[in-house]
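Residue numbering restarts at 1 for every chain, and letters A, B, ... go by the order of the sequence lines. Nothing here was measured: the structure is a model prediction, and the numbers come from that model.
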Amino acid sequence: MNWLEETRRELRLDLTQAAERARAAGEISFETLPDFVIERPREKAHGDFAANLAMLLARQAKMPPRKIAEAILAHLYKEETPKFVENVEIAGAGFINFRMQAHWLTDGLADAAAQGKHFGESDAGGGQKVNVEFVSANPTGELHLGNARGAAIGDSLANIMQAAGYSVTREYYINDAGKQIENFGLSLEARYLQQFGQDVPFPEDGYHGEDIIATVKEYIAAEGDKLLAAPAAERQQELTRYALAKKIGAIKEALAHYGVEYDVWFSEQTLHDADEVMGAVQQLKADGNVLEQDGALWFAADKFGCEKPEVLVRANGIPTYYAADIAYHKNKFQRGFTRLINIWGADHHGHVARLKAALAALGYPAEELEIILMQLVRLFSGGEIMRMSKRAGTYVTLEELLDEVGKDAARFFFVMRSADSQMDFDLDLAKSQSMDNPVYYVQYAHARINSIINQAAEQGISLADAADVNFGLLTEEAERDLLRRLLELPDEIAQAAAQEAPHRIAAYVMELSALFHSFYGACRVLGVDADLQAARLWLCRVTADAVAKCLSLLGVSAPQKM
RNA sequence: GCGCCAGUAGCUCAGCCGGAUAGAGCAACGGCCUUCUAAGCCGUGGGUCGGGGGUUCAAGUCCCUCCUGGCGCGCCA
């Protein structure tokens with residue numbers, strides 16, 4: 001339970017009771033009390049909390065909202081004394097505004113201080129088992145900017161949901177089966193044979209990258225020419241196995257540099273090996289949801305809200321990626337997850353409806369599969385949009401990005417924007433002016449606070465026991481503005497989790513930092529009256545912890561000094 | 001043609017279940033370093049929230065329609 005939530009709960013109860021009494025007294029009439037909100041007004045002049053109850057009752061009660069508000073107020077706090085409410089007034093179109101007593105805010109700081117590093121966390125998620133799958137890039141290549149965005153969003157969302165009381169598993173789906181892997185094997189084989197002087201043709205849509213040649217050379221250095229005599233199928237298989245392990249290792253390493261660690265690396269091949277793909281197809285068939293046409297097997301997706309049927313098994317007998325994906329998501333539900341979140345590039349959105357349709361046909365709650373479609377990252381350089389192309393040298397890998405701007409700036413940059421806004425990534429800007437990244441503004445706030453606390457320690461002043469501190473001494477406007485926003489941290493985290501919107505945390509921590517910088521300019525911490533100093537030191541401590549928590553949720557470091 | 005996302009200050013973007021006078025950063029201009037980090041603070045200017053209609057006590061937010069940009073609509077993944 002957090003301070004704001006607790007307060008809102010009490011105010012809601014108070015208002016509900018007052019409205020019931022007003023009805024009992026025959027002053028207003030309504031069937032059921034509407035689901036009103038208690039919000040924090042943007043304008044400080046409107047008090048600490050505002051309720052829209054009277055406006056929502058207007059229709060039922062057939063009275064003007066302000067009259068209703070008056071009737072409710074006539075019964076509010078008549079029989080009991082409120083714990084924190086200073087006064088209540090009617091304003092605007094019929095808002096009921098609550099102004100809290102001064103100590104309500106500072107008691108909130110005491111409450112936060114007592115929670116220590118856990119301040120901000122909640123059990124809003126109720127321990128729900130959530131699977132967050134992100135990046136899942138093709139394991140035959142390197143990670144690029146789009147993957148970097150997906151990784152930042154997915155990992156941060158997982159962190160945030162964990163802090164909000166969900167039980168989160170981070171998962172990477174390895175597409176190590178299917179046509180592109182077959183192609184990969186053929187490419188490797190061709191390069192392998194070419195290394196031994198054989199003039200073999202390179203597959204038409206093979207992997208032309210230099211990295212394939214390098215991988216083959218590494219293999220030869222370690223294992224020699226033993227595959228020359230092997231049957232082609234075995235040769236391809238062995239080279240594929242070796243190269244995939246290398247590639248996946250490199251992907252893991254790049255992600256680790258980016259601060260991303262997965263709980264599960266899920267291999268698509270295992271689904272085929274365990275017959276889960278055909279198993280899912282068979283289940284759809286048994287339920288009469290497939291049809292045969294042109295030699296292929298189709299899922300009747302049109303029976304489940306889609307436009308047309310979709311191919312599950314090709315005429316050549318090989319199941320499609322779609323069939324494997326159905327089996328994969330079925331597998332996730334079977335592992336006990338009750339909520340599935342996937343971060344996908346916007347170019348995959350055509351796949352969403354048919355995947356949900358198939359899961360619904362299999363009897364799973366498709367609405368618990370949430371697919372966050374992340375708009376694509378467009379590379380921008382010299383004022384022009386460029387295609388990501390290896391040949392033109394405009395292909396930017398995650399590792400290169402990390403070398404250029406570093407983990408903190410990269411992750412903050414990507415998680416600052418909401419997933420559904422398109423991003424233009426200006427390479428020149430990222431390289432030349434990374435200091436413009438707001439991440440430094442936030443980190444600077446953390447370093448500044450740390451500096452104050454360190455200096456206090458050097459003067460032999462340590463943080464007092466929070467129970468002994470008179471937080472009521474914090475009366476300056478800058479202190480109270482900071483504190484007011486600080487206490488919203490648990491709400492912000494819970495809301496970012498519920499809305500699956502990690503960018504909200506970035507926005508929040510920027511605001512919190514701005515409020516701290518203002519406070520810093522307006523109030524001295526060290527060298528003031530000892531009791532005031534003790535209270536301000538605590539305000540600093542809790543602020544620093546809140547900033548550090550937000551940054552850590554975003555995968556960004558909180559430096560002690562800058 | 002159909003579907004998804006976007007259109008908010010000069011630029012990049014926030015804006016939570018509809019709430020009161022639409023915000024931030026950057027850019028521009030003017031101030032503030034002999035006291036805790038100036039990677040900072042304080043102040044000023046800047047808006048038909050793409051256009052039009054509708055619902056509502058209340059619309060940037062919901063509905064309809066049109067315009068513009070991006071991405072999809074494969075027996076690819």
Side-chain angles (χ1 to χ4, degrees), chain A residues 35-37 39 41-43 45-46 50 52 54-56 58-59 64-66 91-95 97 136 138 175 178-181 205 268 293-298 307-308 310-316 318-322 324-325 345-353 373-376 378 385 416-424 426 429 433 435-445 447-456 459 478 491-492 495-496 498-499 501 503-504 506-508 510-511 513-514 516-528 533 536 540 561-562:
Chain A
D35 189 19
F36 63 102
V37 295
E39 60 182 7
R42 206 169 30 222
E43 292 289 324
H46 297 141
N52 64 349
M55 277 121 68
L56 295 177
R59 179 165 292 211
R66 293 189 68 109
F95 288 99
N97 292 345
S136 298
N138 197 316
N175 298 124
K179 205 171 180 178
Q180 91 280 1
I181 289 296
D205 29 299
E268 177 187 351
Q293 200 183 319
D294 304 329
L297 197 65
W298 306 64
E307 280 182 26
K308 53 184 180 11
E310 299 285 346
V311 174
L312 293 167
V313 184
R314 302 182 182 96
N316 63 11
I318 298 173
T320 57
Y321 169 85
Y322 173 49
D325 226 19
D347 52 340
H348 285 67
H349 98 263
H351 188 53
V352 175
L373 286 172
M374 166 187 85
Q375 295 300 308
L376 301 179
R378 287 191 308 178
I385 296 162
M416 236 167 40
R417 269 74 168 235
S418 89
D420 46 356
S421 84
Q422 193 176 100
M423 275 181 79
D424 289 334
D426 191 322
L429 195 72
Q433 296 184 11
M435 292 304 265
D436 281 349
N437 193 312
V439 72
Y440 298 104
Y441 182 82
V442 175
Q443 289 180 319
Y444 184 55
R448 259 187 158 175
I449 298 173
N450 198 255
S451 171
I452 295 174
I453 292 172
N454 279 346
Q455 281 193 39
Q459 294 169 29
D491 264 28
E492 289 290 340
Q495 278 187 42
Q499 294 169 23
H503 74 276
R504 293 188 63 95
Y508 170 76
M510 283 191 278
E511 261 186 67
S513 300
F516 173 76
H517 286 307
S518 291
F519 158 75
Y520 184 90
C523 304
R524 269 197 73 80
V525 176
L526 302 180
V528 298
Q533 175 177 276
R536 284 183 175 165
C540 285
K561 61 165 81 165
M562 285 175 76

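Applying the side chain to side chain contact (heavy atoms under 4.5 Å, CB included) criterion to A:Leu526, with sequence neighbours excluded, gives A:Ile452, A:Gln455, A:Ala456, A:Gln459, A:Arg524, A:Gln533, A:Leu537. With sequence neighbours left out, the side chain to side chain contact (heavy atoms under 4.5 Å, CB included) criterion links A:Asn175 to A:Pro139, A:Tyr173, A:Gln180, A:Glu268, A:Tyr321. With sequence neighbours excluded, the residues satisfying side-chain hydrogen bond (donor to acceptor under 3.5 Å, both in side chains) with A:Asp491 are A:Arg8. Every ring-ring contact (aromatic ring centres under 6.0 Å, His included) that A:His517 has, sequence neighbours left out, goes to A:Tyr441, A:Tyr444. When the side chain to side chain contact (heavy atoms under 4.5 Å, CB included) test is applied to A:Leu373, the partners found at least two apart in sequence or on another chain are A:Trp344, A:His349, A:Val352, A:Ile371. Checked against salt bridge (Lys or Arg N to Asp or Glu O under 4.0 Å), A:Glu511 has the following partners two or more places apart in sequence or in another chain: A:Arg485. By the ring-ring contact (aromatic ring centres under 6.0 Å, His included) test, A:Phe95 is found to be paired with no residue, residues two or more places apart in sequence or in another chain being considered. By the side chain to side chain contact (heavy atoms under 4.5 Å, CB included) test, A:Glu307 pairs with no residue at all, sequence neighbours left out. Contacts of A:Asn454 classified as side-chain hydrogen bond (donor to acceptor under 3.5 Å, both in side chains), with partners at least two apart in sequence or in another chain: A:Asn450.
A:Ala58 comes within 4.0 angstrom of nothing in the nucleic acid, heavy atoms only. Note on A:Cys523: a base of the nucleic acid sits closer than 4.0 angstrom, heavy atoms only. Base engagement by A:Ser451 is indicated by at least one non-hydrogen atom pair under 4.0 Å involving a base atom.
Following rounding to the nearest Å, A:Met510 (CE) and B:G23 (P) show an atom-to-atom distance of 17 Å. Atom CD of A:Gln533 is separated from atom C1' of B:U35 by 14 Å (rounded to the nearest Å). We find that CG of A:Asp420 is positioned 16 Å from P of B:U61, with the value rounded to whole Å. When rounded to the nearest whole Å, the span between CD of A:Gln375 and P of B:G7 equals 11 Å. In this structure, A:Arg417 places its CZ atom 14 Å from P of B:C26, rounding to the nearest Å. Taking atom CE of residue A:Met374 and atom P of nucleotide B:G72, one finds them 13 Å apart after rounding to whole Å.
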Indicate for each nucleotide in nucleotides 15-20 of chain B, in 5' to 3' sequence, whether protein heavy atoms under 4.0 Å reach the base (B), only the sugar-phosphate (S), or nothing (-). SBB-BB

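The nearest pair of heavy atoms linking A:Gln422 to A:Leu376 is CG-O, 3.7 Å.
Mapping A:His349 and A:Ala514 onto RNA chain B by nearest heavy atom places A:His349 at the nucleotide closer to the 5' end.
Where pairing requires Watson-Crick or G-U contacts shorter than 3.5 Å, the helical stems of RNA chain B with at least three consecutive pairs are B:1-7 with B:67-73, B:10-13 with B:23-26, B:28-32 with B:40-44, B:50-54 with B:62-66.
Dashed line: the shortest gap from a side-chain N or O of A:Ser518 to OP1 or OP2 of B:C42 is under 4.0 Å. Checking the phosphate oxygens (OP1, OP2) of B:C41, a side-chain nitrogen or oxygen of A:Tyr441 falls inside 4.0 Å.
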Report all interatomic pairs (protein N or O, nucleotide N or O of nucleotides 73-77 of chain B) with separations under 3.5 Å.
| unit_1 | atom_1 | unit_2 | atom_2 | d |
| --- | --- | --- | --- | --- |
| B:C75 | O3' | A:Arg314 | NE | 3.3 |
| B:C75 | O2 | A:Ala315 | N | 2.9 |
| B:C75 | N4 | A:Asp294 | O | 2.6 |
| B:C76 | OP2 | A:Arg314 | NE | 2.8 |
| B:C76 | OP2 | A:Arg314 | NH2 | 3.4 |
| B:C76 | O3' | A:Arg314 | NH2 | 3.3 |
| B:A77 | OP1 | A:Arg314 | NH2 | 2.6 |
| B:A77 | OP2 | A:Arg314 | NH2 | 3.0 |
| B:A77 | OP2 | A:Tyr321 | N | 3.2 |
| B:A77 | N6 | A:Arg354 | NH2 | 2.7 |

